[in-house]
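Reading through the structure tokens given below for one structure.
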There are 2 protein chains.
Amino acid sequence: MPDGAPKKTSRIQKRNRRLILEAALDVFSRHGYRGATLDQIAAEAGLSKPNILYYFDGKEDIHVTLLSRLMDTWLDPLVAMSPQGEPVTEILSYVQRKLNMARDLPRESRLFANEILQGAPRIAPELTGHLKPLFDEKCALIAEWIAQGRLPPLDPQHLIFSIWSTTQHYADFESQVRILMGPEEDPHARASAHLRRMFEAMLRV
Amino acid sequence: MPDGAPKKTSRIQKRNRRLILEAALDVFSRHGYRGATLDQIAAEAGLSKPNILYYFDGKEDIHVTLLSRLMDTWLDPLVAMSPQGEPVTEILSYVQRKLNMARDLPRESRLFANEILQGAPRIAPELTGHLKPLFDEKCALIAEWIAQGRLPPLDPQHLIFSIWSTTQHYADFESQVRILMGPEEDPHARASAHLRRMFEAMLRV
DNA sequence: GTCTATACAAAGATAGAC
DNA sequence: GTCTATCTTTGTATAGAC
């Protein structure tokens with residue numbers, strides 16, 4: 001492409017790839033990698049199975065494409081935790097953003113959960129390459145806040161694990177939560193209040 | 001069986017059923033229901049595939065048998081939370097028992113996580129029948145402690161969710177934790193100290 | 001009770017017409 | 001680019017000998 005010619009991805013191609021990835025997110029998040037079938041994805045996308053394979057090299061290609069494209073969105077709330085802000089506020093806001101994400105993007109949460117649960121066979125490189133540096137950076141930030149006496153002495157790594165697990169629980173274990181809570185007027189609001197209280201208590205110097 | 005005749009389960013039958021369930025726990029917890037194959041289970045159990053199907057009616061039969069047999073063990077730590085004890089001690093002990101369980105029985109944790117994650121299709125009745133009543137009972141106990149002023153006003157249901165999620169995280173998301181923590185001398189001890197501090201802070205009146 | 005051989009179904013992928 | 005038809009592999013389950 002010497003003269004900067006476009007990659008020739010037509011409008012219809014973009015649309016179909018988007019349709020496929022949207023359907024795949026649905027199916028993979030509900031059934032896991034092995035449990036998902038191309039037939040289901042094709043049916044949900046409203047395309048034929050061979051047509052799916054015209055746009056992607058195969059089932060695994062669809063899966064890794066999905067995971068890669070969603071990784072940035074998934075990490076956004078942590079990226080937004082800023083050295084400029086007030087420590088307790090920053091962390092409590094992070095908890096809220098993460099909980100909102102579990103509410104708004106439960107399929108994405110379950111997609112990642114399925115993959116990690118089975119040993120992260122297809123996403124380990126992304127974790128090492130993208131998540132780990134970000135994780136280390138934010139742990140260092142929290143450690144600095146502690147050193148400055150702006151946070152009580154706590155374990156930055158395990159604090160982040162606790163934030164992840166408590167918030168994602170509402171997406172990943174939604175079926176169990178629903179069975180145990182019964183019909184609830186506003187489940188998100190109660191969870192939000194609970195987590196704010198919990199982490200507030202923990203972060204008090 | 002009028003005269004109380006034994007069910008005629010020979011020693012070898014018991015042994016083989018045990019071998020199969022042990023192998024199945026391994027395979028199902030690593031790959032999920034759909035991802036697991038009878039070939040793998042047979043290979044790990046050291047038996048032939050048809051022999052597996054002599055002892056169980058099929059793949060699903062093995063799976064539900066596993067889940068049912070493990071349910072009691074799984075709920076033990078919560079059952080042990082006693083009205084007689086001191087509230088804060090009882091809850092902190094529960095956290096520790098649950099964390100120990102994630103360390104000692106990670107396969108069981110992942111088996112349940114896989115099932116819940118996919119909507120609990122095969123275990124919903126057990127959840128409704130066994131887990132729900134126990135959950136309600138313990139929520140009522142915590143609510144009583146709060147009413148007596150022995151605990152701060154917190155949300156019993158979400159407190160239990162937070163305990164489950166933070167402790168099981170170390171089993172269910174072990175692959176991610178390992179990538180992020182690197183080689184660790186005693187990961188369990190650090191997690192244990194962190195969770196004790198966190199829930200202690202939260203439970204302080 | 002256990003095995004070999006095999007039936008049967010599901011699912012990933014390809015061929016080739018249009 | 002999209003389809004129908006089909007190949008191939010894999011996986012659950014059964015038949016029947018021993």
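All values below were derived from every heavy atom in this structure, side-chain atoms included, with hydrogens, water molecules and symmetry-related copies excluded. A, B, ... follow the sequence lines: proteins, then strands. Residue 1 opens every chain.
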Protein within reach of the bases, or only the backbone? For nucleotides 2-18 of chain D, mark each nucleotide 5' to 3' as B, S or -, using heavy atoms under 4.0 Å. BBBB-----SBBB----

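For D61(B), the side-chain hydrogen bond (donor to acceptor under 3.5 Å, both in side chains) test picks out T65(B), with sequence neighbours left out. Residues meeting the side-chain hydrogen bond (donor to acceptor under 3.5 Å, both in side chains) test with K98(B), sequence neighbours left out: none. Partners of R34(A) according to the side chain to side chain contact (heavy atoms under 4.5 Å, CB included) rule, which considers only residues two or more places apart in sequence or in another chain, are T37(B).
Within the structure, salt bridge (charged side-chain N to carboxylate O under 4.0 Å, His left out) contacts touching residues 164-184 of chain B (residues at least two apart or in different chains) are R110(B)-E174(B), E174(B)-R178(B), E184(B)-R190(B). Residue pairs satisfying the ring-ring contact (aromatic ring centres under 6.0 Å, His included) criterion with at least one member in residues 43-92 of chain A, sequence neighbours excluded, are listed as follows: F28(A)-H63(A), Y33(A)-H63(A), W74(A)-F112(A). Note on residues 62-78 of chain A: no pairs pass salt bridge (charged side-chain N to carboxylate O under 4.0 Å, His left out), not counting sequence neighbours. Residues in residues 178-201 of chain B take part in these ring-ring contact (aromatic ring centres under 6.0 Å, His included) pairs, two or more places apart or across chains: H158(A)-H194(B).
Only at 4.0 angstrom or more do the heavy atoms of residues 18-32 of chain B sit from any atom of DNA chain C, so none qualifies.
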